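Data first, discussion second: the structure below is written as structure tokens.
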Amino acid sequence: MAADALAELAKRRGFFFGSNGAYGGTAGFYTFGPQGAALKRNVEDAWRDRFTIREGNREIEAPTVMPEAVFEASGHLEGFDDMLVECPECGESHRADHLVEDATDVEDAEALPGEEVAELIADNGIACPACGTELAGQPVEAFNLMFATDIGPGDAQPGYLRPETAQGIFVEFPRLKEYARGNLPFGITQIGPAYRNEISPRGGLLRLREFTQAELEQFIDPEEDEPPLDRVRDVEVRLYPATEQEADDGDYLDTTVGEAVDEGVIGSPWVGYYLGVAREWYERVGVDLDRFRFRQHLAGERAHYAADCWDAESEVDGDWIEIAGFAYRGDYDLSKHDEYGDDAFTVFKRYDEPKTVERATVDPDMSVLGPEFGGDAAAVAEALETLAERDPDAFDGETVAVDVDGETREVDADVANFSVEEVTESGEHITPHVVEPSFGVGRTVQTLLAHAYSEDEVDGESRTYLSLEPEVAPQDAAVFPLVTNDDRLTALADEVAADLRAAGLAVAYDDSGSIGRRYRRQDEVGTPFCVTVDRDGIEGDGPDTVTLRERDSAAQVRIPVAALADELTALREGEPFASVADRYDAVDTDVETAGN
RNA sequence: GCACCGUUGGUCCAGUGGUAGGACAUUAGCUUCCCAAGCUAAUAGCCCGGGUUCAAUUCCCGGACGGUGCACCA
């Protein structure tokens, strides 16, 4: 209903629009205009305040281009790579690897080269599932969702634009843990662009090729660390568990974070904690909670490493869209980088008490083993070490026998230099687990606009306004002279605007057209407060005063210029207009608003 | 990526084989003491490339972009 009107408003008023219009436009890329960029930045600031600062976490900024090796480790190189084959008859595209896996006993067709998959299609007479035409001879095209690029000239090494901000955090874990002084838990956040070369980007801000993510990677010791669940225990949440989605008469579960965790509906307390934090944050920035839910991933949609996974979803124009994901990722990410990368993606976990353990070791005399076994000497030594750990008793005799490449080798026991030592271990290296709340910033902006879009009547005239929270609204206030035929009013309005800007407020000044027109302009971009300088405010004995108008109610109070900056700052930080209005005289303007 | 439909000032629309008109918005002036008022004037447009034609914004082909459906969305 309001979808077209909102899209038109977003374009006309400078919230966002398709990029590169002068060159025909580029699908999947949007530019945030002056209002949209301010709104988006305020959303990011509010996120930063809640998920970085108030959680005691630290934010980093990593490059958007990363080398191929990173994505070999993360699994994106393989996992993001789709093989498509197109039917020559009906034009349908199909996943070639899936067709082969369904029709043959090949299990991992995705790992095969495209030509081999094409051969398998031909050899097995696989036909188009849509129309039955045989697909033999059709090329199998590789399509990777990552944007590829070259790093450096000449024999450049392949690189990719990151498909998620998370990898920029994971790959720097060895250094980041130093900054945390090796102590778990700690959290690292990042806000920035990510890139996916979508086959068919659609729906404005909802599915872009470049988009902004705000992600937190919370690194924890799975055996020790628990979230401060009590802080959000009583937060009410609307859950849509997997069991309810699969049931015929499935319904939402309205409960609290504490109950949902206690009853195991939410599997991980850490995930539960962040669902609670997120729900409060969404309310703070202006998401309509009647159009909001947490939906659990179904078993088939969950990544294999994610134990429990929930999405935050908002309803926009009748559709539910994913605006954030919350996953318990276990040690998957850090283990992969530990395996592929050079550094240790582990932390040293100190025991409460140092442990003394007996450890059997060997220290073979290589000057004997070398001449005796030649090239096999190193393998023999290694076999002795393994044997010492597994079966210390084998060293009891005069000689000890080990198996190397199927051959039995005899070594004198004293050459092996077997001994049992007492070793003090003060701790062990563990791979932290990761809890990942991951937010889509653009989709959040889209949600806020859709939920803020309102129409009502003021003084019998219809109006459109965005009921955005003051904290995220693109502008904090607008300043007008009531009329422009009195220099005193324009002069004071100029001064007021300058003072407010000096106080750090984003303020628009407007003296064009009638006062009503100016109010409507600001209403339409969601400016929460308008300051109007009138003659009543500068005549008389008292200090200069102005009127302050609240957007949604159109109610006004008269307020001294001297108090304006402080009050507007308080309003931006969340103080209700009603409590400010109580301190001042209401202005009777005979204006009636009729809600919709 | 496939199929269907579409693309005209900033926005929303009308229209035409002889290069276009409205509404709203914007700007300037007049007017104006509180919610899109009035008057005057101004700015501003046929998505791109190729073809047919004396002539193409209009017809044809291709592309880009957008909407819808399918596929895709780790």
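Naming: A, B, ... by sequence-line order, numbering from 1 per chain. Here the structure is a predicted model, which means the values were calculated and not measured.
- Taking atom P on both nucleotides, B/C30 is separated from B/G22 by 26 Å, rounded to a whole Å.
- Nucleotide B/A23 has B/U11 as its partner under the Watson-Crick or G-U criteria, with both atom distances under 3.5 Å.
- Rounded to whole Å, the separation between the P atoms of B/C34 and B/U40 comes to 24 Å.
- Within the shown strands, B/U68 is the pairing partner of B/A3 under the Watson-Crick or G-U definition, both distances less than 3.5 Å.
- Between the side chain of A/E198 and the base of B/C72, no donor-acceptor pair of N or O atoms lies under 3.5 Å.
- Nearest-nucleotide positions on RNA chain B for A/L489 and A/T464 put A/L489 closer to the 5' end.
- Below the 3.5 angstrom threshold, one finds no donor paired with an acceptor across the side chain of A/T26 and the base of B/C65.
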**OP:** Could you walk me through whether A/Y519 and A/F480 pass the ring-ring contact (aromatic ring centres under 6.0 Å, His included) test, one step at a time?
**Re:** CA-CA 9 Å; A/Y519 284 141; A/F480 317 134; 5.5 Å; yes
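- A/T64 and A/R162 form no side-chain donor-acceptor contact under 3.5 Å, judged by distance and modelled atom types alone.
- Distance noted for atom P between B/U58 and B/U8: 13 Å (whole Å).
- Side-chain atoms of A/I199 lie closest to B/G1 of the nucleotides B/C34, B/G1, B/A36.
- Distances shorter than 4.0 Å separate some side-chain N or O of A/S514 from OP1 or OP2 on B/A37.
- Nucleotide B/C73 forms no Watson-Crick or G-U wobble pair with any nucleotide shown, as no partner meets the under 3.5 Å limit on both distances.
- At whole-Å resolution of the value, CZ in A/R518 and P in B/A25 are 15 Å apart.
- Side-chain proximity of A/E8 to the nucleotides B/A36, B/C35, B/C12 is greatest for B/C12.
- A donor and an acceptor atom, one from each side chain of A/T26 and A/N20, are located under 3.5 Å apart.
- Interface remark: the A/Y519 side chain does form a donor-acceptor pair with the B/C34 base, using a distance-only criterion of under 3.5 Å.
- Of the candidate nucleotides B/A74, B/C65, B/C34, B/C65 has the atom lying nearest to any side-chain atom of A/A27.
- Side-chain contact check for A/K40 and A/T212: at least one donor-acceptor pair (N or O, by modelled atom type) lies under 3.5 Å.
- B/C39 is paired with B/G29 under the criterion used here, namely a Watson-Crick or G-U wobble arrangement in which both key atom distances are under 3.5 Å.
- Side-chain contact, A/E457 with A/S462: no donor N or O sits under 3.5 Å from an acceptor N or O.
- Residue A/K11 has its side chain nearest to B/U11 when only B/C35, B/U11, B/A74 are considered.
- Within the cation-pi definition used here (under 6.0 Å to the ring centroid, within 45° of the axis), A/R293 qualifies as a partner of A/W320.
- Residue A/D534 places its side chain closer to B/C34 than to any other of B/U32, B/C35, B/C34.
- If you take OH of A/Y465 and P of B/C35, they are 18 Å apart, rounded to a whole angstrom.
- Rounded to whole Å, the P atom of B/A25 lies 27 Å from the corresponding atom of B/G67.
- Nucleotide B/C54 is matched to B/G18 when pairs are restricted to Watson-Crick or G-U wobble geometry with both distances under 3.5 angstrom.
- Donor-acceptor pairing under 3.5 Å, judged by distance alone, is present between the side chain of A/R549 and the base of B/C35.
- Atom CG of A/D511 is separated from atom P of B/C30 by 12 Å (rounded to the nearest Å).
- For B/A64 and B/A28, the P atoms lie 42 Å apart once the distance is rounded to whole Å.
- For A/H76 against A/P163, the heavy-atom pair with the smallest separation is CD2-CG, 3.7 Å.
- The base of B/A36 lies close enough to the side chain of A/R520 for a donor and an acceptor atom to sit less than 3.5 Å apart.
- The nearest whole Å value for the distance from the CZ atom in A/R209 to the C1' atom in B/C73 is 12 Å.
- Donor-acceptor pairing under 3.5 Å, judged by distance alone, is absent between the side chain of A/S512 and the base of B/U27.
- Side-chain contact, A/Q296 with A/E244: no donor N or O sits under 3.5 Å from an acceptor N or O.
- Remark: the separation of the C1' atoms in B/G15 and B/C73 is 42 Å, to the nearest Å.
- Proximity of A/R517 to the phosphate of B/U26: a side-chain N or O atom is located under 4.0 Å from OP1 or OP2.
- When the side-chain nitrogen and oxygen atoms of A/R521 are compared with OP1 and OP2 of B/U26, one or more of them lie within a distance under 4.0 Å.
- Side chain of A/R12, nearest nucleotide from B/A71, B/U11, B/C34: B/U11.
- Donor-acceptor pairing under 3.5 Å is recorded for the side chains of A/Y274 and A/Q218.
- Remark: the separation of the C1' atoms in B/A55 and B/C65 is 29 Å, to the nearest Å.
- Distance check on atom C1': B/C46 versus B/G10 gives 16 Å, rounded to whole Å.
- Taking only side-chain nitrogens and oxygens, A/R202 never comes nearer than 4.0 Å to OP1 or OP2 of B/C73.
- Rounded to an integer number of Å, the gap from CZ of A/F29 to C1' of B/A64 is 14 Å.
- Between the CG atom of A/L6 and the P atom of B/C12 there is a distance of 13 Å, rounded to whole Å.
- Looking at heavy-atom distances under 4.0 Å, A/G325 makes no contact with the nucleic acid at all.
- Across the protein-nucleic acid pair, A/N197 atom CG and B/A74 atom C1' stand 15 Å apart, rounded to whole Å.
- Residue A/N20 contributes atom CG, which lies 16 Å from atom C1' of B/G63 at whole-angstrom precision.
- The nearest heavy atom of RNA chain B to A/E461 and to A/G25 marks one nucleotide each, and the one closer to the 5' end goes with A/E461.
- The base-pairing partner of B/C46, taking Watson-Crick or G-U wobble contacts with both distances under 3.5 Å, does not exist among the strands shown.
- For A/R207, the listed nucleotide lying nearest its side chain is B/C73; candidates were B/A25, B/C73, B/U31.
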